[in-house]
Amino acid sequence: MKIHELLTGRIVTLSNFLSLFRIMLVPFFWYYLNKEHHSGDIAFMYNALITLIIIALTDFLDGYLARIFNQVSRLGQFLDPISDKITVFFCGIILYLFKDFPLWVVSVVFIRDLVILSGGYFLFLKKDIQVRPNLFGKCLIISLFFSGVIYVYNPSPQFFDISLQHISIAFIMFFLFTSSLVAFRSYSKIYHSLAPSTSNVSEH
């Protein structure tokens with residue numbers, strides 16, 4: 001598929017707007033956490049939480065609304081995963097700067113996403129094979145946002161002397177491993193057995 005073919009069909013749709021809006025909210029997330037860090041005003045923390053929750057909601061609503069309103073497009077299929085990865089990466093960096101979120105987790109998720117995006121867009125652009133997320137990939141996104149909320153709010157309760165922060169990181173690592181394994185198996189099957197034709201496969 002050629003790049004210009006992404007602009008065929010409907011471009012201005014609610015789902016595409018939500019994908020872009022998700023990225024546009026990231027600077028606000030940084031602003032509120034930066035203000036909380038320097039002022040100590042807890043109100044900014046709650047604003048950051050609300051912003052993060054809205055980001056998460058747009059992540060799940062864009063694809064759902066595209067199907068409901070029959071607005072699925074080439075551009076949307078390309079834009080949605082890109083905006084997901086950009087949002088997750090920069091929110092992770094912001095959480096590292098202001099809330100001590102582990103940098104190694106951000107790095108591992110970034111490398112994993114980069115590898116999967118490279119393989120997925122090779123199939124999408126070169127072979128016209130549409131890459132779709134699988135259940136474990138969706139759970140990974142949920143666990144990332146859940147962990148973000150915990151790190152922003154910084155709750156004190158522990159379970160068996162294990163903090164909620166550490167529990168949330170454990171969930172991220174579990175779903176990162178399982179979703180990566182599913183993606184690897186799917187890509188391997190495609191590269192070795194599928195002819196260059198349009199198909200749907202599992203991504204992350």
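- Enclosure of atom CZ in Phe60 by more than 12 non-hydrogen atoms of other residues, nucleotides or ligands within 6.0 angstrom is indicated.
- For CZ of Phe171, the number of neighbouring non-hydrogen atoms (other residues, nucleotides, ligands) closer than 6.0 Å is 12 at most.
- Using a 4.5 Å cut-off between side-chain heavy atoms of Ile, Leu, Val, Met, Phe, Trp and Tyr, with links allowed through other members, Leu97 and Phe89 fall into the same hydrophobic cluster.
- Here Ile55 contributes atom CD1 and Phe29 contributes atom CZ; the two are 6.5 Å apart, rounded to the nearest 0.5 Å.
- Heavy-atom minimum distance, Leu61 versus Leu18: CB-CD1, 4.1 Å.
- Trp104 and Leu95 fall within a single hydrophobic cluster, where Ile, Leu, Val, Met, Phe, Trp and Tyr are joined by side-chain heavy atoms under 4.5 Å apart, directly or via other members.
- Note: Met24 CE to Phe17 CZ = 6.0 Å, rounded to the nearest 0.5 Å.
- Residues Ile50 and Val149 are members of one and the same hydrophobic cluster, defined by side-chain heavy-atom contacts under 4.5 angstrom among Ile, Leu, Val, Met, Phe, Trp and Tyr.
- Between Tyr46 and Tyr153, the ring-plane angle classifies as tilted under the 30° and 60° cut-offs.
- In this structure, CD in Glu36 is found 10.0 Å from CG in Asn47, a value given to the nearest 0.5 Å.
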Note to self: Could you walk me through whether Phe21 and Ile54 satisfy the side-chain contact (heavy atoms from CB on, under 4.5 Å) test, starting with their C-alpha distance in whole Å, then the side-chain angles of each, then the deciding distance to 0.1 Å, before giving a yes or no?
What the structure shows: CA-CA 10 Å; Phe21 183 62; Ile54 294 174; 4.2 Å; yes
Check: Run the side-chain contact (heavy atoms from CB on, under 4.5 Å) check on Lys99 and Leu33 step by step: do they pass?
Finding: CA-CA 8 Å; Lys99 293 294 181 176; Leu33 287 185; 3.8 Å; yes
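- Of all heavy-atom pairs between Asp84 and Asp59, the closest is OD1-OD1, 2.6 Å.
- Note that CD1 of Ile150 is 8.5 Å distant from OG of Ser163, once rounded to the nearest 0.5 Å.
- Enclosure of atom CZ in Phe44 by more than 12 non-hydrogen atoms of other residues, nucleotides or ligands within 6.0 angstrom is indicated.
- The aromatic rings of Phe101 and Tyr151 sit perpendicular, their planes meeting at an angle over 60°, well past the 30° parallel limit.
- Distance alone, capped at 3.5 Å, places no donor-acceptor pair between the Ser147 side chain and the Leu144 backbone.
- When all heavy atoms are compared, the tightest approach of Pro27 to Ile23 is CD-O, 3.5 Å.
- Looking only at side-chain heavy atoms (C-beta outward), Gln165 and Asn154 come within less than 4.5 Å of each other.
- Neither Met173 nor Phe177 shares a network with the other; the hydrophobic side chains, linked directly or stepwise wherever heavy atoms of I, L, V, M, F, W or Y lie under 4.5 Å apart, form separate groups for each.
- Between Leu140 and Arg112, some side-chain heavy-atom pair lies under the 4.5 Å cut-off.
- Between atom CD1 of residue Ile94 and atom OG1 of residue Thr51 there is a gap of 10.0 Å, rounded to the nearest 0.5 Å.
- In terms of heavy-atom proximity, Met45 sits nearest to Val152 at CG-O, 3.5 Å.
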Item checked: Lys35/Asp41 under side-chain contact (heavy atoms from CB on, under 4.5 Å): CA gap, chis, key distance, verdict -> CA-CA 8 Å; Lys35 292 292 288 185; Asp41 189 346; over 6 Å; no
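- When hydrophobic clusters are built by joining Ile, Leu, Val, Met, Phe, Trp and Tyr residues whose side-chain heavy atoms come closer than 4.5 Å, directly or via intermediates, Phe174 is grouped together with Ile172.
- A donor-acceptor pair under 3.5 Å is formed between the side chain of Ser143 and the backbone N or O of Cys139.
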Notebook entry, point to check: Could you go step by step and tell me if Ile93 and Leu103 meet the side-chain contact (heavy atoms from CB on, under 4.5 Å) rule?
Noted result: CA-CA 7 Å; Ile93 292 296; Leu103 183 59; 4.2 Å; yes
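- If you take CZ on Phe110 and CZ on Phe90, they are separated by 8.5 Å, rounding to the nearest 0.5 Å.
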